[in-house]
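Labels below follow one simple rule: chain letters A, B, ... track the order of the sequence lines, proteins then strands, and each chain is numbered from 1.
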There are 2 protein chains.
Amino acid sequence: MNNRQTKPESVIARPDADNTGAEGNQRAIRDAIRDAIVDRRLLPGTKLTETDVGALFNVSRTLVRGALQALAHEGLVTVERNRGAFVANPSPEEARQIFATRRIIEPGILMEAARHMTPSHFRQLREQLVDEGRLMNERGQSARRAEIKASGDFHLMIAAMTGNAVMQRFMDELIARSSLVISLYGQSTVSSCGHNEHTEIVDAIEAGQMDRASRLMVHHIHHIEADLDLRVRRANELRDVLLP
Amino acid sequence: MNNRQTKPESVIARPDADNTGAEGNQRAIRDAIRDAIVDRRLLPGTKLTETDVGALFNVSRTLVRGALQALAHEGLVTVERNRGAFVANPSPEEARQIFATRRIIEPGILMEAARHMTPSHFRQLREQLVDEGRLMNERGQSARRAEIKASGDFHLMIAAMTGNAVMQRFMDELIARSSLVISLYGQSTVSSCGHNEHTEIVDAIEAGQMDRASRLMVHHIHHIEADLDLRVRRANELRDVLLP
DNA sequence: ATCCGCCAGATCGTATACAATATGCCTCGC
DNA sequence: GCGAGGCATATTGTATACGATCTGGCGGAT
């Protein structure tokens, strides 16, 4: 079905993220669940019972709990006291806030990254663009997933080029949550215009037109958000649904 | 000694931060340790032995571990596998990254916040400025701590005014880490010029001169960083110290 | 005297046990 | 038939237990 297993999970080196010192086990669980969420194999609202997850990985609830709490911290999981953990189901409002945050942050990142870019970095970006283009022309669920991931990787790649680990970690979280939101609210109509915009952005950077690049980036994020259907309340915010 | 206990910990409502669902206990421990770190009652590098902390709060290691991992995620604590948790000891490089991140983010936050500001918000800011001024004229350790906290609160207050919870959480973390860095690398010479700059910023916003406000904010953050002595490696980064 | 290995204490990593809480079903009374 | 109460089950919250790993000191060999 999907051959994602065989290819490296992501081009971007995940910064040792949190210094949680968590050994490989907890980390592995967390990463597995995170990928599953971002990839939409785990649908929003899905209950993540500690025992069940533990059974899957052959570990005790202790480790699972740790992983779930970490994911909660990243915003990919919500935990309700005495009720358990669920795959996050971001509200339209939360989605808007995520993209608003990105519009605030990413132009600045772009500027900062540009100051550190070497020819090798540009090559890396161009390769990424090629990959995106390839995925854009494929069909099927798995390709769409890969496309969302690749699209996020582009932004992460730029963030990584700032050499700023603090920034990179924030972006990591933002992109993960964005992916979740996109798979939740994304229209079926392919939002592949994104690819062209990525290309334009790289062109602008390479041409030294940083103002233009910044503007393009803001528009690009706007477009991503515009491609969502945030009118529908996709699921159970119950209170908002029931009370007038 | 310090009367901080009697006054509300912070003017800013901490957004339910992570949805860690963690019950009051773990949350309480985390907050207590966080405050102690940011307030510099716990010095960087201090070992936080799970058993000891647990004894202090009369809880088991389980909860302490959770709290420490959360703090690690926030960057206030580092955890070394099989060695335990320590109060973070941010390197000068990390300090630079934190302030670089703030310079990228905060102007945008300012713009966004300004769009939502009501007269009531301005009153709130003015009150904050008065508090800062009062603290500036006091002497003593406790006053200095309060000053650092108040200075951070100003920035948090603006972030809160964006109404963007995602953003607010990032800033929360950034400010906490900034406070830690300031108490680590801050010169004894009072960096109280900050207060005047805060005032100027509010003035600019109120006058609708957002460009000016943004520039002032960037400069302000630059000044905070400039007041640090990042040349000295304050403590044990060992590798960098030993290897030529 | 110095260095090496070994043992003991401390501390962490993980699993398990027990208590607390929520959920669903089932019965009982009306 | 319908609703209330209560028990059974499932799941979480917290504590404890046990094995693993690190740290530091002691004694013997060189």
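- In this structure, the CD1 atom of B/Ile29 is 9 Å from the P atom of D/dT14, given to the nearest Å.
- The ring-ring contact (aromatic ring centres under 6.0 Å, His included) pairs that include a residue from residues 159-183 of chain B are A/Phe170-B/Phe170, where partners are two or more places apart or lie in different chains.
- Considering only side-chain N and O atoms, A/Lys47 lies under 4.0 angstrom from the phosphate OP1 or OP2 of D/dT12.
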Nucleotides 20-24 of chain C: which of its N/O atoms have a protein N/O under 3.5 Å away?
| from | atom 1 | to | atom 2 | distance (Å) |
| --- | --- | --- | --- | --- |
| C/dT23 | OP1 | A/Arg83 | NH1 | 2.8 |

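- In this structure, the CZ atom of A/Phe57 is 18 Å from the C1' atom of C/dG13, given to the nearest Å.
- A salt bridge is defined here as a Lys NZ or Arg NE, NH1 or NH2 lying under 4.0 Å from an Asp or Glu carboxylate O, and B/Arg169 with A/Glu173 meets this definition.
- The ring-ring contact (aromatic ring centres under 6.0 Å, His included) analysis of residues 33-54 of chain A, with sequence neighbours excluded, yields no pairs.
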Distance-only criterion, 3.5 Å: show the donor-acceptor pairs between side-chain atoms of residues 97-104 of chain B and protein atoms not counting sequence neighbours.
| from | atom 1 | to | atom 2 | distance (Å) |
| --- | --- | --- | --- | --- |
| B/Gln97 | OE1 | A/Ala165 | N | 3.0 |
| B/Gln97 | NE2 | A/Gly163 | O | 3.0 |
| B/Gln97 | NE2 | B/Glu93 | OE2 | 3.0 |
| B/Thr101 | OG1 | A/Asn164 | ND2 | 3.1 |
| B/Thr101 | OG1 | B/Gln97 | O | 2.7 |
| B/Arg102 | NE | B/Glu106 | OE2 | 2.6 |
| B/Arg102 | NH1 | B/Ser178 | OG | 3.0 |
| B/Arg102 | NH2 | B/Glu106 | OE2 | 3.0 |
| B/Arg102 | NH2 | B/His155 | ND1 | 3.2 |
| B/Arg103 | NH1 | B/Glu225 | OE1 | 2.7 |
| B/Arg103 | NH2 | B/Glu225 | OE1 | 3.3 |

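- At whole-Å resolution of the value, CG in B/Asp52 and P in C/dA10 are 11 Å apart.
- With rounding to whole Å, A/Arg65 atom CZ is found 17 Å from C/dG13 atom P.
- When the side chain to side chain contact (heavy atoms under 4.5 Å, CB included) test is applied to B/Ser179, the partners found at least two apart in sequence or on another chain are B/Val38, B/Ile148, B/Ile175.
- Salt bridge annotation for B/Arg27-B/Asp31: present, with a cationic side-chain nitrogen under 4.0 angstrom from a carboxylate oxygen.
- A straight line from CD of A/Gln69 to P of D/dT12 spans 12 Å, rounded to a whole angstrom.
- We find that CG of A/Leu68 is positioned 14 Å from C1' of D/dG13, with the value rounded to whole Å.
- Base contact: B/Thr62 has a heavy atom under 4.0 Å from a base atom.
- Partners of A/Thr62 by side chain to side chain donor-acceptor pair (under 3.5 Å), not counting sequence neighbours, listed by chain and number: A/Ser60.
- Distances shown here put every side-chain N or O of A/Arg61 at or beyond 4.0 Å from the OP1 or OP2 atom of C/dT16.
- In this structure, the CG atom of B/Asn25 is 7 Å from the P atom of D/dA15, given to the nearest Å.
- Distance A/Gln26 CD to C/dT14 P: 8 Å, rounded to the nearest Å.
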